[in-house]
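We use all heavy atoms of the structure for the numbers below, so side chains are in, but hydrogens, waters and symmetry mates are not. Just so it is clear: chains get the letters A, B, ... in the order the sequence lines come, proteins before strands, and each one is counted from 1.
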There are 2 protein chains.
Amino acid sequence: MADLLSVAKLAGVSRATASRTFATPERVSPATRRKVEDAATQLAFRPNKVARQLRARATKMIGVMVPSLNNPVFAEQLHAMEVAAREADYSLIVTTSDYDPSREQAIVDEMLSQRVDGLALTVAIAHDSAVLATLKRESTPCLLVYNPLHPGGLPAIGVDNRAAMAEATRHLIALGHRHIGMVAGPLLQSDRARLRYAGYRQAMREHGLAPQPLIEMPRHTQAELACLAPLLAGHNRLTAVLCTNDLLAISLIGELQRAKFSVPGDLSVMGFDGIDLGQRLYPSLCSMEQPRIEIGRAAIATLLAMIQGQSPPLPFLPHALREGESVGAPPATRQALTPRSPERNTP
Amino acid sequence: MADLLSVAKLAGVSRATASRTFATPERVSPATRRKVEDAATQLAFRPNKVARQLRARATKMIGVMVPSLNNPVFAEQLHAMEVAAREADYSLIVTTSDYDPSREQAIVDEMLSQRVDGLALTVAIAHDSAVLATLKRESTPCLLVYNPLHPGGLPAIGVDNRAAMAEATRHLIALGHRHIGMVAGPLLQSDRARLRYAGYRQAMREHGLAPQPLIEMPRHTQAELACLAPLLAGHNRLTAVLCTNDLLAISLIGELQRAKFSVPGDLSVMGFDGIDLGQRLYPSLCSMEQPRIEIGRAAIATLLAMIQGQSPPLPFLPHALREGESVGAPPATRQALTPRSPERNTP
DNA sequence: CGCCCTCATGAGATCGATCTCATCGATCAC
DNA sequence: GTGATCGATGAGATCGATCTCATGAGGGCG
């Protein structure tokens, strides 16, 4: 309510002196400082950041756009960003896009109008995003989070999705699985899902195994057993599936158990993301962990460096296999002590 | 980058006319409008919201403070707020407090300095919060979310925690449970947890049952079986527990299953919050649902009304029992067909 | 005693958009 | 033809803090 001018008047000094009292107290005589501080207290003075931002041509705000907050991956990352930003005295403007390109565009426009000092964006598909093309022409530092590097040269931070999923696949292969499927949301609508599928195929081929066609679920984070059930019976039935994200995996496990399948007895299920919750379930979720906290923190640190004109290196952040009870040896291996092969074993 | 003045110059008009071209195009002649629009396109003009905010003495921003984003209750509510705010052309500044009072204070100060038009806060304990005492004196509209009504008169939005938990308790009693416990995080550190415990005790007494002492877990959203195990054996062993939140319940179920307890066979577990994920698990989580989406939406709507000087009514929002597989009849009832009472049945 | 330097302070411009009020030309009614 | 009205436009103030530069008082030193 009260502004600097009223404080200055009450203290009997000029605006400049009042301003200095807060910005550079050592340049104000102790007596004057005291008067100004008293006046400020008396009037419950609160500096107006908007005015400061206008004058400084900098807002100390970072715009963050994530697809959704209902997926803990993004919520956890955002939490880390918020903490890191506040440590550096920055605030976050947070928006969600639901992967809708028109919303993405509107959000970015809005944030640029708001004169955020930097942008941290997670878009659906980076390489053909109209928004990003626009952004290249802007001078506001912009960092992609989770997305792969953008051909237009926008920096990106995240794990090597392809390598990570290949590694996850190899984990299952090493356990003896041969019939491994991959479960995803509709249309592989994010570039990460595509890279993960590529990693899966690569690892399968490396081992002379046939990559299976993608098993698409109608929703991104919710499994429908009907889409998978046909593949769980018969000669070449799946013994393990990889899911493109943890929520999908968790929901799939729930559906399987409700239908009296055993996990991992009948089917091993592996996730991707490593959200906290996965470890608390039974069976605990085996997953390929993205360092969400570290990604959030590093994103802010990188953006701050970019704001100061540097262009810090952006290696992939390390993914890590998180063991879990949802993955085990395939039924075939368990019966390997008997002479009969699993195919013949099942009528 | 480019400002209105450069656009005006390029178009050969005054700032005022350029400004009008965007604000009230009908008051500018078509020819001039065209010239200004061309100039704006050519210079990639983006209006500077900071300047507008300073002049308008309003930011169209709402400050949101939640304890954490790692709990889906808050993440889901925030998601709803973000959508509702954007529809009304408002942005959100989002911060997390981890229930730390000093952080709460710093955050609120920061947001007031930022001149947000309204505040939506979720604090640990509303009735003795220093922050809220400060806020009463400010003119910025402020709404408590999830917290109970504040004695100082700050409006609040959420469910009737006490009634909701009483209802949850009655649900278990109706199923035949008599030995019902309540599991909470450390120290009942939030006012909601306290009200829920009160609701539990009330319902127990109503039915002539003895409320059990609170079972405190060392962490707010993660269960440790050791704290509960002693109560699961013996004559008066618990047949059901209520948890103060869903994450705690989910983690408890995981721990129980890992220790080969059956849920709900050996112990019924009920949550509170109704987060989406609960329904996807097996057993699905029985919970008392808080309408998180509706709370988020209503919070924004209420704040917008308050910003316009109204003081809309704030009834409790309705909670709803969500059935789930994690709750069933107590073992005693299952054996009720045999003549022996459950107490004597167990050596 | 005079010169210079330092320190505290104030006057005024500035950031970029918007709002009020004045102006000017044109149209219209009488 | 002349005053009134209306529409389009511009000049200038304003929002609140900060920055630059100028001023003036006081101290140190030759």
Can you measure [X] atom [atom1] to [N] atom [atom2] for me and round it to whole angstrom units?
| X | N | atom1 | atom2 | result |
| --- | --- | --- | --- | --- |
| B/Arg33 | D/dG7 | CZ | C1' | 13 Å |
| A/Lys60 | D/dA17 | NZ | C1' | 16 Å |
| B/Gln53 | D/dT14 | CD | C1' | 16 Å |
| B/Leu5 | C/dC15 | CG | P | 9 Å |
| B/Asn48 | C/dT18 | CG | C1' | 13 Å |
| A/Glu26 | C/dC7 | CD | P | 11 Å |
| A/Arg52 | C/dG16 | CZ | C1' | 18 Å |
| B/Leu54 | C/dT18 | CG | P | 12 Å |

Taking it one step at a time, do B/Asp273 and B/Gln290 satisfy side chain to side chain donor-acceptor pair (under 3.5 Å)? CA-CA 5 Å; B/Asp273 284 343; B/Gln290 305 197 70; 2.9 Å; yes
- Message: Check whether A/Arg20 reaches the backbone of A/Arg27 with its side chain - one donor and one acceptor, N or O, closer than 3.5 Å.
- Response: no
**Item:** Expected output: side-chain A/Thr96 to main-chain A/Met65 donor-acceptor under 3.5 Å
**Value:** no
| Verdict with supporting geometry, A/Asp3 and A/Asn48, side chain to side chain donor-acceptor pair (under 3.5 Å) | CA-CA 8 Å; A/Asp3 63 350; A/Asn48 184 325; over 6 Å; no
Taking five pairs at each terminus, the helix from C/dC1-D/dG30 to C/dC30-D/dG1 shows an axis bend, to 10°, of 50°
With respect to the phosphate group of [N], does any side-chain polar atom (N or O) of [X] fall under 4.0 Å of OP1 or OP2?
| X | N | value |
| --- | --- | --- |
| A/Ser19 | D/dA17 | no |
| B/Arg27 | D/dA8 | no |
| A/Thr17 | C/dG10 | yes |

Per the under-4.0 Å heavy-atom filter, residues of residues 109-118 of chain B near DNA chain C come out as none
Distance, nearest 0.5 Å, that separates [atom1] of [X] from [atom2] of [Y]:
| X | Y | atom1 | atom2 | answer |
| --- | --- | --- | --- | --- |
| B/Leu304 | B/Lys60 | CG | NZ | 8.5 Å |
| A/Leu143 | A/Thr302 | CG | OG1 | 6.0 Å |
| B/Phe22 | B/Arg52 | CZ | CZ | 10.5 Å |
| A/Met61 | B/Ile93 | CE | CD1 | 5.5 Å |

Pick base, sugar-phosphate or nothing for [X], based on heavy-atom distances below 4.0 Å to the nucleic acid.
| X | answer |
| --- | --- |
| B/Phe22 | nothing |
| A/Arg57 | sugar-phosphate |
| B/Val28 | sugar-phosphate |
| B/Val50 | nothing |

Heavy-atom nearest nucleotide on DNA chain D taken for A/Leu4 and for B/Thr32; more 5' hit belongs to B/Thr32
Counting side-chain heavy atoms from CB outward, which of [options] is closest to [X]?
| X | options | result |
| --- | --- | --- |
| A/Ala51 | D/dA11, D/dG16, C/dA11 | D/dG16 |
| A/Asp3 | D/dA8, C/dG10, D/dG16 | D/dG16 |
| B/Arg20 | D/dC19, D/dG10, C/dT9 | D/dG10 |

Notebook entry, point to check: What about B/Arg15, does its side chain sit under 3.5 Å from the base of D/dG12 through a donor-acceptor pair?
Noted result: yes
Carboxylate-amine/guanidinium contact A/Arg34 A/Glu37, below 4.0 Å: no
Side chain to side chain contact (heavy atoms under 4.5 Å, CB included) with B/Lys49: of A/Met111, A/Glu110, A/Gln53, only one passes, and it is A/Glu110
